[in-house]
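Some notes on the structure that comes next.
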Amino acid sequence: MSATTTARVEKSACILCSRNCGLEITVENGRFTRIRGDDDHPTSKGYICQKAARLDHYQNHDDRLTHPLKRQPDGRFTKVSWDEALDDIAQRLLAIRDQHGGDAFAFFGGGGQGNHLGGAYGGGQLRAAMRSRNNYNSLGQEKTGDFWLNGRLFGHQTCHTTEDVEHADYLLFIGCNPFQAHGIPNARDTLREFRKAGERTVVVIDPRRTETAKQADIHLQLRPGTDAFLMSAILAIIVRDNLHDRDFLARHCHGFEAIEAQLRSIPVEDYVRRADVPLADVERVARGYASARRGCVRIDLGIQQTLHTTLNGYLEKLLFLVTGHFGKAGGNNLHTALIPILGHTDERSTKIRRTPVHGMFPIAGILPPNILPDEILKGGERRIRAAFADSCNPVLTWPDTPALTAALQSLDLLVVVDVAMTETARLAHYILPAASQFEKCEATGFNLEFPENFFHLRHPLLPALGESLPEPELYTRLLEKMGELPRDFPLLRRIARHEPSATAHAGYLAAFAARMLRDKRLLAYAPSILYRTLGPALPEGLAAAAPLLPLCIQFANQHRQATARAGHVGNRLTQGVALFRAILEKREGTLISINTFDEVWDLVKTPDRRVQLEIPEMLAEWRALVDEIPAEDSEFPFILAAGERRSYNANQIYRDPAWRKVDPHGALRIHPEDAAALGLHEGGSALCTSAHGEIAVVAEFDDGLRRGMVSLPHGYGQRFRDSAPIGPELNRLTGAAHCDPLSRTPYHKHVPVRLRAVAAQDEAVPA
Ligand SMILES: Nc1nc2c(c(=O)[nH]1)N[C@H]1C(S)=C(S)[C@@H](COP(=O)(O)OP(=O)(O)OC[C@H]3O[C@@H](n4cnc5c(=O)[nH]c(N)nc54)[C@H](O)[C@@H]3O)O[C@H]1N2
Ligand SMILES: Nc1nc2c(c(=O)[nH]1)N[C@H]1C(S)=C(S)[C@@H](COP(=O)(O)OP(=O)(O)OC[C@H]3O[C@@H](n4cnc5c(=O)[nH]c(N)nc54)[C@H](O)[C@@H]3O)O[C@H]1N2
Ligand code: SF4
Ligand SMILES: [Mo]
């Protein structure tokens with residue numbers, strides 16, 4: 001594996017969104033000269049979108065980090081050795097822990113769109129070493145409300161729901177734009193199939209006529225932030241017209257009485273008016289979806305980052321539960337999972353510690369970024385004083401950039417682990433360079449499929465750049481330096497060295513389990529111990545995959561038949577080992593489970609495997625809706641959707657603006673008539689002002705927007721080669737308190753703003 005070789009074609013995967021499509025990459029002298037979809041990948045089967053073709057811009061650019069860097073008193077960064085950096089960080093972390101307790105430390109991020117194997121080594125292990133529960137992650141600004149609901153409905157916050165869109169004959173896309181954002185298998189191909197098959201109906205609920213909406217049969221172009229009213233009305237019509245699935249509700253659910261009573265009280269016409277969509281269309285959708293053979297709902301940020309986030313999620317789940325479109329082909333389902341990227345933290349448990357300032361509890365183990373500035377700046381003696389940020393760029397992606405910047409600058413220690421110089425890294429005391437996702441063994445934990453689920457272990461394609469290190473090595477060294485992890489486990493290492501056959505793995509695992517039993521404290525560091533002992537015995541470059549061995553054994557035991565149907569057979573021990581070996585060997589990825597639809601009930605975690613429909617907190621918020629009248633704000637007359645997914649944005653993963661073929665400024669989309677009223681011409685500049693901040697924007701006309709709504713893209717604002725910010729730093733406009741009362745996920749799609757055209761002579765030049 002050298003950087004200077006002749007062209008070779010390697011299997012890997014895209015790291016830009018949760019689909020992680022399989023790729024075949026032509027690597028030539030360290031560069032990616034051709035990228036195509038991998039036909040052999042178990043789920044994407046050759047599919048890719050235009051963004052993946054540009055991955056060389058992630059791998060090779062001028063702002064890649066090559067050496068550990070330390071900030072000097074004058075603010076400059078100087079190169080230091082790994083030992084110097086890690087020794088000092090270890091000592092400072094221990095001093096903070098001993099003086100102020102573990103919760104003075106927080107971990108941010110830890111695995112973006114495709115690097116969850118490295119993620120297994122960072123957050124969990126370092127927080128264990130620090131005795132901290134502070135786990136802040138971007139999922140806490142989109143999906144935690146959903147996880148909380150899953151905990152209540154299905155008995156565990158890891159019971160994640162998915163959607164079998166490909167086999168549905170009636171599809172509701174609510175607040176998502178799969179044509180651009182994907183999130184469903186092979187989105188554009190799937191949408192095209194829908195169009196061809198005339199017997200299918202696609203409905204889009206979105207205030208913008210999106211690329212997906214243009215292909216739909218029905219588009220309900222609702223007023224932004226009124227989904228709770230619209231979904232309530234749809235549900236109420238379903239029950240009023242007796243289209244709910246009484247048999248399903250009686251057999252599989254508890255608590256429908258409370259739901260039914262609430263639904264019968266809903267003033268349908270009034271709610272539909274508040275959402276500002278035609279009543280006849282709403283009735284058609286309610287009836288069509290409820291009486292479909294295979295109805296399916298797919299949602300995303302459009303309802304998860306707008307008013308009533310968590311309630312929206314509840315109503316969405318009621319849609320498929322009340323109609324019985326759950327646990328069957330073409331419906332919504334639960335799914336298996338190999339890497340546990342979510343935890344379960346029920347706030348009603350006495351073991352849950354709340355945060356000092358906001359009294360917030362973790363959901364699925366995750367705290368929401370919205371509370372973070374306060375937990376650092378206002379926590380007094382119990383404040384957060386030290387943090388690691390890994391695989392995230394919170395300065396640009398978490399709410400209220402100025403407040404968060406001030407908070408990060410006040411920390412006693414900030415360490416950033418990244419592949420590139422980011423806006424967050426610029427604030428750090430230490431910047432630690434990670435090997436890129438094509439320079440190390442990696443995997444995604446976004447395996448969210450049902451009935452067939454897969455896993456894809458990506459092999460390293462190139463040597464690590466400069467002195468950069470893969471996260472497994474980086475965190476293992478740090479734990480060793482902190483004295484938390486013994487430097488050697490000679491017996492385990494010796495046993496692991498034997499020929500890595502199924503039986504040898506069994507012997508190793510027995511010895512591993514015995515060692516963990518002897519010192520239970522070490523269990524928290526299982527990934528690093530497996531990496532150090534079993535890792536070297538695995539095929540070259542795959543040491544970091546060692547923690548998958550016990551996970552495979554556990555997985556196979558939980559899903560014996562489903563794993564066997566996927567082709568991995570054996571007894572209670574060897575079946576998991578067979579799965580592990582297949583994962584190591586199959587460079588294109590492998591199926592890990594094939595379920596039957598009735599097995600979805602085995603994945604439900606309530607004691608009697610029934611869904612608990614009645615959630616008092618949600619019913620209270622739902623009932624209170626009746627008194628809420630959508631209001632206009634004369635100071636901030638526009639509603640900004642702050643964070644649209646477009647053709648050329650991909651979170652913060654690409655930094656070199658040369659990757660974009662269009663939209664260099666990350667334009668503000670606005671209805672032409674709204675623009676005319678402001679005297680704003682296409683391509684003209686404007687100032688966009690919210691209650692929290694102001695940024696300069698460039699206008700682009702879009703008559704698919706509702707009047708009064710404007711939209712800015714997510715994924716801009718980077719400084720490349722020390723440039724000024726490129727495109728909108730949109731979290732300068734968002735405030736930390738503008739969020740869901742329960743989950744604290746932000747209302748990014750509903751930011752009140754005003755706009756002012758900037759005259760040509762003093763036209764602000766956005767970078
Ligand atoms: N190209 C690209 N793709 C991506 C990403 C990327 O950065 N770029 N990021 C990935 C990530 S991390 C995520 S989480 C997903 C997100 O994927 P999506 O949620 O599908 O994408 P968004 O464009 O953020 O928002 C979806 C839709 O919500 C609509 N919307 C706004 N307000 C409302 C409202 O009040 N009600 C309703 N019903 N809809 C509303 C918007 O018009 C938009 O069409 O995308 C992933 N895919
Ligand atoms: N206003 C507004 N804000 C938003 C959103 C919005 O719609 N509107 N969307 C939100 C959503 S849904 C999300 S998911 C977040 C995403 O925002 P973040 O959670 O901040 O994550 P990414 O943008 O994916 O940033 C990934 C970082 O990981 C680095 N990286 C890439 N590969 C590796 C690696 O192998 N190792 C390490 N250590 N680092 C690596 C990249 O260089 C980059 O700095 O943004 C959120 N912020
Ligand atoms: S961005 Fe998403 S959909 Fe596009 S190729 Fe990458 S993983 Fe697939
Ligand atoms: Mo996301």
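The residues of the chain are indexed from 1 along the displayed sequence.
- Between Glu316 and Arg298 there is no salt bridge, since no side-chain N of the basic residue sits under 4.0 Å from a carboxylate O of the acidic one.
- Within the 4.5 Å cutoff, the side chain of Arg152 has no heavy atoms near those of the Met618 side chain.
- Judged by distance alone, with hydrogens and angles left aside, the side-chain atoms of His252 form no donor-acceptor pair with the main-chain N or O of Leu321 at under 3.5 Å.
- Between the CD atom of Glu617 and the CG atom of Leu311 there is a distance of 12.0 Å, given to the nearest 0.5 Å.
- For the 3.5 Å distance criterion, the side chains of Asn134 and Arg127 fail to qualify, holding no donor opposite an acceptor.
- Residues Gln125 and Ser528 bring a donor and an acceptor atom of their side chains to less than 3.5 Å of each other.
- Counting heavy atoms from C-beta outward, Leu530 and Pro550 have side chains that approach closer than 4.5 Å.
- More than 12 heavy-atom neighbours from other residues, nucleotides or ligands sit within 6.0 angstrom of CD on Glu628.
- With ring centers used as reference points, His116 lies under 6.0 Å from Phe446.
- Between Thr444 and Phe455 the shortest heavy-atom distance is O-CE1, 3.7 Å.
- His308 NE2 to Tyr747 OH: the interatomic distance, rounded to the nearest 0.5 Å, is 6.5 Å.
- Taking the six-membered ring where the residue is Trp, the centroids of Phe154 and Phe326 are separated by under 6.0 Å.
- Looking only at distances, no side-chain donor or acceptor of Asp146 sits under 3.5 Å from a matching main-chain atom of Lys143.
- A donor-acceptor pair under 3.5 Å links the side-chain atoms of Ser232 to the main chain of Ala228, judged by distance alone.
- Residue Asp169 is tested with Arg200, Lys328, Arg293, Arg294 for a salt bridge (Lys or Arg N to Asp or Glu O under 4.0 Å); the sole match is Arg293.
- Between the NE2 atom in His505 and the CG atom in Leu534 there is a gap of 6.0 Å [rounded to 0.5 Å].
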Test side chain to side chain contact (heavy atoms under 4.5 Å, CB included) applied to Arg515 and Ile529, step by step: CA-CA 10 Å; Arg515 184 70 179 82; Ile529 299 171; over 6 Å; no
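- Using a 3.5 Å distance cut-off with no hydrogens or angles, the side chains of Thr310 and Asp740 do pair a donor with an acceptor.
- Around CD of Glu347, the count of heavy atoms belonging to other residues, nucleotides or ligands within 6.0 Å exceeds 12.
- The backbone N or O of His358 lies less than 3.5 Å from a partner atom in the side chain of Glu375, making a donor-acceptor pair.
- Between the side chain of Glu442 and the backbone N or O of Leu117 there is at least one donor-acceptor pair closer than 3.5 Å.
- Between the side chain of His41 and the backbone N or O of Ser44 there is at least one donor-acceptor pair closer than 3.5 Å.
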Audit row: Phe450, Leu334, side chain to side chain contact (heavy atoms under 4.5 Å, CB included) steps and yes/no: CA-CA 7 Å; Phe450 190 86; Leu334 302 181; over 6 Å; no
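- Side-chain contact check for Ile363 versus Ile366: every heavy-atom pair is 4.5 Å or farther apart.
- Counting only heavy atoms from C-beta outward, the side chains of Leu220 and Ile218 approach each other to under 4.5 Å.
- Closest heavy-atom contact between Ser391 and Gly112: CB-N, 3.9 Å.
- Taking both residues in full, the closest heavy atoms of Leu603 and Cys159 are given as O-SG, 3.5 Å, listed atom of the first, atom of the second, then distance.
- In this structure, Val611 and Phe248 have side chains that are not in contact, with every pair of non-hydrogen atoms separated by 4.5 Å or more.
- Of the possible polar contacts, one joining the Arg133 side chain to the Arg353 backbone as a donor-acceptor pair under 3.5 Å is found.
- Under the 4.0 Å criterion applied to side-chain N and carboxylate O atoms, Arg565 and Glu599 are assigned as salt-bridge partners.
- Nearest heavy atom pair, residue Cys17 against residue Ala181, reads SG-O, 4.3 Å.
- Rounding to the nearest 0.5 angstrom, the gap separating the CG atom in Asp300 from the NE2 atom in His182 is 13.0 Å.
- The line from OH of Tyr271 to CG of Leu235 is 12.0 Å long, rounded to the nearest 0.5 Å.
- Looking at heavy atoms from C-beta onward, Leu457 lies in side-chain contact with Leu584 at the 4.5 angstrom threshold.
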Candidate pair Leu230 and Asp227, rule side chain to side chain contact (heavy atoms under 4.5 Å, CB included), full reasoning: CA-CA 5 Å; Leu230 181 54; Asp227 297 81; 5.5 Å; no
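- When atom types are taken as modelled, the side chain of Asn312 and the backbone of Ile303 share a donor-acceptor pair closer than 3.5 angstrom.
- No side-chain N or O of Asn332 forms a donor-acceptor pair with one of Lys317 less than 3.5 Å apart.
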Worked check of side chain to side chain contact (heavy atoms under 4.5 Å, CB included) between Arg645 and Leu301: CA-CA 10 Å; Arg645 271 65 186 166; Leu301 302 184; 3.3 Å; yes
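- When each of Phe597, Tyr170, Tyr289, Phe320 is paired with His325, the ring-ring contact (aromatic ring centres under 6.0 Å, His included) condition holds for Tyr289 and for no other.
- Within the model, atoms CG of Leu342 and CG of Leu139 stand 7.0 Å from one another, a figure rounded to the nearest 0.5 Å.
- Nearest approach of Ala233 to Val272, heavy atoms of both residues: CB-CG2, 3.6 Å.
- Side-chain contact check for Thr574 and Asn571: at least one donor-acceptor pair (N or O, by modelled atom type) lies under 3.5 Å.
- Closest of all the heavy-atom pairs between Pro527 and Tyr121 is O-CE2, 3.4 Å.
- Distance alone, capped at 3.5 Å, places no donor-acceptor pair between the Ser593 side chain and the Ala562 backbone.
- Put simply, the side chain of Gln113 reaches to within 4.5 Å of the side chain of Ser18, judged on heavy atoms.
- Arg609 contributes a side-chain N or O that, together with a main-chain N or O of Val604, makes up a donor-acceptor pair within less than 3.5 Å.
- Proximity of Cys176 to Ile299: side-chain heavy atoms (C-beta onward) are nowhere separated by under 4.5 Å.
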